[in-house]
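In what follows, a structure is listed as structure tokens, so that the remarks can point back to it.
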Amino acid sequence: MRKNIINAIVASIIVALITAVFSFSIRGYLNWFDVVNSIIGTFIIWAVFIPMVNRHWRARQIE
């Protein structure tokens, strides 16, 4: 569980940096709403959905 949270935090930071760079380069200013949405979405995907899919996939591999 702790490893999943750490991976989610690292992925969120990386995605936030990428989103900030693209948001600034496209619009000319930093839109914080885009950055916050990308952080929340990435954290949910990495902390919840990926472990859930991995558990489901491992259970099917055993059968």
Stepwise, does the side-chain contact (heavy atoms from CB on, under 4.5 Å) test hold for Leu17 with Val21? CA-CA 6 Å; Leu17 292 174; Val21 167; 5.6 Å; no
Return each pair, listed once, that meets salt bridge (charged side-chain N to carboxylate O under 4.0 Å, His left out) where at least one residue sits in residues 8-35; pairs must be two or more places apart or across chains. Arg27-Asp34
Working for side-chain contact (heavy atoms from CB on, under 4.5 Å), residues Phe43 and Val48: CA-CA 8 Å; Phe43 186 82; Val48 176; over 6 Å; no
Kindly give the heavy-atom pair with the smallest separation between Pro51 and Trp46, and that separation in Å. CD-O, 3.3 Å
Quick one: CD1 on Ile39 to CD1 on Ile44, what's the gap to the nearest 0.5 Å? 12.0 Å
Mind checking what makes side chain to side chain contact (heavy atoms under 4.5 Å, CB included) contact with Leu30, not counting sequence neighbours? Ala20, Ser23, Trp32, Val35
What distance do Ile26 atom CD1 and Asn31 atom CG have between them, rounded to the nearest 0.5 Å? 11.5 Å
Would Phe49 end up clustered with Ile40 when hydrophobic side chains under 4.5 Å apart are linked, directly or stepwise? yes
Same apolar cluster: Ile18 and Val10, side chain cutoff 4.5 Å: yes
Nearest non-hydrogen partners of Ser38 and Ala16, listed with the distance: OG-CA, 4.1 Å
Enumerate the residue pairs fulfilling side-chain hydrogen bond (donor to acceptor under 3.5 Å, both in side chains) with a member in residues 2-18, sequence neighbours excluded, ordered by first and then second residue. none
Quick one: CD1 on Ile14 to OG1 on Thr19, what's the gap to the nearest 0.5 Å? 11.5 Å
